[in-house]
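All chains are named by letter (A, B, ...) in the order of the sequence lines, taking the proteins before the strands, and each is independently numbered beginning at 1. Remember, it's a predicted structure, so these values are computed and weren't measured experimentally.
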Number of protein chains: 2
Amino acid sequence: MNRTATPRPTTRSAIRPGVRIDAKSSGKPDEASDHGTRDRLLDAAGEVFADRGYEQATIREICRRAEANIAAVSYHFGDKRTLYIEVIAYAHRCADEYDPSQEAVSDATPPADRLRHFILTFMQRIGLKGRPAWHARLMAREMASPGAALDHVVRSGVRPKFEALQIILRRLNPRLGERQVELCACSIVGQCLIYYHARPVLSRLFPNLRLDAREIGQIADHITRFSLDAVALAHLRGDDRP
Amino acid sequence: MNRTATPRPTTRSAIRPGVRIDAKSSGKPDEASDHGTRDRLLDAAGEVFADRGYEQATIREICRRAEANIAAVSYHFGDKRTLYIEVIAYAHRCADEYDPSQEAVSDATPPADRLRHFILTFMQRIGLKGRPAWHARLMAREMASPGAALDHVVRSGVRPKFEALQIILRRLNPRLGERQVELCACSIVGQCLIYYHARPVLSRLFPNLRLDAREIGQIADHITRFSLDAVALAHLRGDDRP
DNA sequence: TGCCCTATCAAACACGTGTTTCAATCGCCT
DNA sequence: AGGCGATTGAAACACGTGTTTGATAGGGCA
């Protein structure tokens, strides 16, 4: 698409990009349940995109991790950009199905516990780097540097989370103005995100920062109490209207 | 340095990298006060590095903005990496000399006001994008993706700021444990940084977010009060020991 | 003036990237 | 078995990158 307007149609060249859809709806079961190279590519691309970023991630490394040929991504997805968008969608599917954050916490649990749960799962998803939790890392990466699929990520990924957090905040302190709810939500998310965005700096600043599961739990507790105290007193402050 | 072990010394090739130092200490006044191409390169590189990132910034764009030839950076700095390190150092010099944050606030001002001042100047440096304040943006960028000069940035850039913040926090609430001071400092900085790191997402989430000078002031006020409330009550919480 | 050192320029080079090509292989159906 | 489409493989292509090269001016000094 960046070339000289695709000089040669060559009959195959025009069919290739659509092959993915045809192949999906014809031969294999129906969903992305087979462990073919297409799925291995999705997984590998997710990892590489997550910790290298879109521009820095190379198709060659993705294919190497997926044990696939260089041409595989062109064949199965047609494009690096399309692969990226598909990876984002895949990450969304994975995150939504194995995330018990909405189901585990009923509507009757006190808002303080819901806030604690929100922050803890958020931190766990972002912080732990060993496990294949590149989903959240990908989102965070996409947030920092707007890539191809930012709008999609925002609409179906972060906006629901953000609104869930705002609901919790309103229940925590019903006297909060709308603007204050937004600002408090930003404050909470910001406290969590710094441990991802500034991790290299923090580990140099505090050499005994390990960010393992136990420490993440402690940090999440700190953020929770820090925010609970602040939110509880927020209604005493000015309206913060823009 | 990445090539095939520099095949030809060519007498000039061995002298070139050192030329900068010689030229500096011989002909021109003494400091970086002349407006030669070397300084224009530093300024242009600062801007480009700040909003493109190290890897994405291209030497060609830097030279185009500086109205210099492609070979200029190789001649004056020898390397893209060296140029980057030099830009970081230049940013440090600029920031330290025109920053009145330490001088304007005396040691007698109440810690709450010092915190407000800290947060406001921090936000102003990072947020306002129009003016040539690429210094702080460069630091924030470097924090997110560890480039060549992270250690230098941390040692002489962020660590002093962080310790100043921790001193403020200790005075705000002397009953805070050391670990709590660190965590609170992270919380405060995180609240500020999200408006830089996640700006594309936030402006999609809140379309009427303009982040101009007035709004940055309001946000800084919110963060200040949010954190003041939380820090005031922090000593009531657990020790948060790792 | 003649010379040497410094700085700039256009062109090229070496290399990594995303993408394409075309042949070879696999898997299934009749 | 034979045929055929889907898939894989190795090599190549087009392009942008950082860097180097050799030539060409400036500019002070003997």
Side-chain angles (χ1 to χ4, degrees), chain A residues 1-28 34 36-41 45 48 52 54-64 66-84 148, chain B residues 1-28 34-41 45 48 52-64 66-84 148:
Chain A
M1 195 170 287
N2 200 356
R3 200 58 46 75
T4 59
T6 59
R8 276 158 268 84
T10 321
T11 76
R12 281 254 292 291
S13 165
I15 295 178
R16 280 275 191 75
V19 138
R20 178 185 53 79
I21 308 174
D22 303 348
K24 223 57 197 173
S25 62
S26 68
K28 299 310 170 64
D34 63 334
T37 61
R38 195 188 127 93
D39 296 318
R40 284 196 322 248
L41 277 175
V48 177
R52 295 268 196 284
Y54 176 76
E55 310 277 2
Q56 279 303 325
T58 77
I59 286 189
R60 280 170 171 83
E61 178 176 2
I62 292 173
C63 292
R64 200 177 337 118
E67 300 185 56
N69 192 281
I70 310 288
V73 33
S74 171
Y75 176 77
H76 283 280
F77 301 91
D79 217 342
K80 180 186 181 183
R81 182 190 170 92
T82 314
L83 167 63
Y84 183 67
Chain B
M1 194 172 287
N2 201 356
R3 201 57 45 76
T4 59
T6 60
R8 275 158 269 84
T10 322
T11 75
R12 281 250 294 292
S13 166
I15 294 177
R16 279 274 193 75
V19 139
R20 177 185 53 80
I21 309 176
D22 302 348
K24 222 57 195 174
S25 62
S26 68
K28 299 309 172 64
D34 63 335
H35 234 271
T37 60
R38 194 188 127 93
D39 296 319
R40 284 198 322 252
L41 278 176
V48 177
R52 294 268 197 285
Y54 176 76
E55 310 278 2
Q56 280 302 327
T58 77
I59 286 190
R60 280 172 172 83
E61 178 177 3
I62 292 174
C63 291
R64 201 178 335 119
E67 300 184 57
N69 192 283
I70 310 287
V73 33
S74 170
Y75 176 77
H76 284 281
F77 300 92
D79 218 342
K80 180 186 182 183
R81 182 191 170 91
T82 314
L83 166 63
Y84 183 67

Tell me whether the OP1 or OP2 atom of dA6(D) has a side-chain N or O from His76(A) closer than 4.0 Å. no
Counterpart residues, side-chain hydrogen bond (donor to acceptor under 3.5 Å, both in side chains), relative to Arg52(A) (two or more places apart): Glu61(A)
Expressed as a whole number of angstroms, how long is the span from Arg40(B):CZ to dA7(C):P? 13 Å
Where do Val73(B) and Ile70(B) come nearest, in terms of heavy atoms and distance? CG1-O, 3.4 Å
Tyr84(B) OH to dT19(D) C1', straight-line distance once rounded to whole Å: 20 Å
Side-chain N or O of Thr37(A) versus OP1/OP2 of dT7(D): is the shortest distance under 4.0 Å? no
Taken to the nearest whole Å, CG/Asp79(A) to P/dT17(C) is 17 Å
State whether Ser74(A) places a side-chain N or O below 4.0 Å from either non-bridging phosphate oxygen (OP1 or OP2) of dT19(C). no
dT25(C) C1' sits how many Å from Tyr75(A) OH, rounded? 13 Å
Distance, rounded to the nearest Å, where Glu61(B) contributes CD and dG18(D) contributes P: 10 Å
Polar atom pairs between nucleotides 10-12 of chain C and protein, under 3.5 Å, N or O only, would you list them?
| residue | atom | partner | partner atom | Å |
| --- | --- | --- | --- | --- |
| dA10(C) | N7 | Asn69(B) | OD1 | 3.4 |
| dA10(C) | N7 | Asn69(B) | ND2 | 3.4 |

Rounded (10°) bend between the five-pair end axes of the helix from dT1(C)-dA30(D) to dT30(C)-dA1(D): 20°
Close side-chain approach of Glu55(B) to Gln56(A), heavy-atom, < 4.5 Å: yes
Using every non-hydrogen atom in the two residues, find where Arg38(B) and Phe77(B) come nearest and quote the distance to one decimal. NH1-CE2, 3.4 Å
Flag side-chain contact, heavy atom, 4.5 Å: Leu41(A) against Cys63(A): yes
Could you give me the CA-CA distance, side-chain angles and deciding distance for Leu83(A) and Ile62(A), then say whether side chain to side chain contact (heavy atoms under 4.5 Å, CB included) is met? CA-CA 11 Å; Leu83(A) 167 63; Ile62(A) 292 173; 4.2 Å; yes
Please report the distance, rounded to the nearest Å, between CD in Gln56(A) and P in dG16(C). 14 Å
Residue pair Glu55(A)/Ala72(B) against DNA chain C: nearer the 5' end by closest nucleotide is Ala72(B)
Can you tell me the distance, in whole Å, between the CD1 atom of Ile62(A) and the C1' atom of dT17(C)? 12 Å
How long is the line joining CZ of Arg52(B) and P of dG18(D), in whole Å? 13 Å
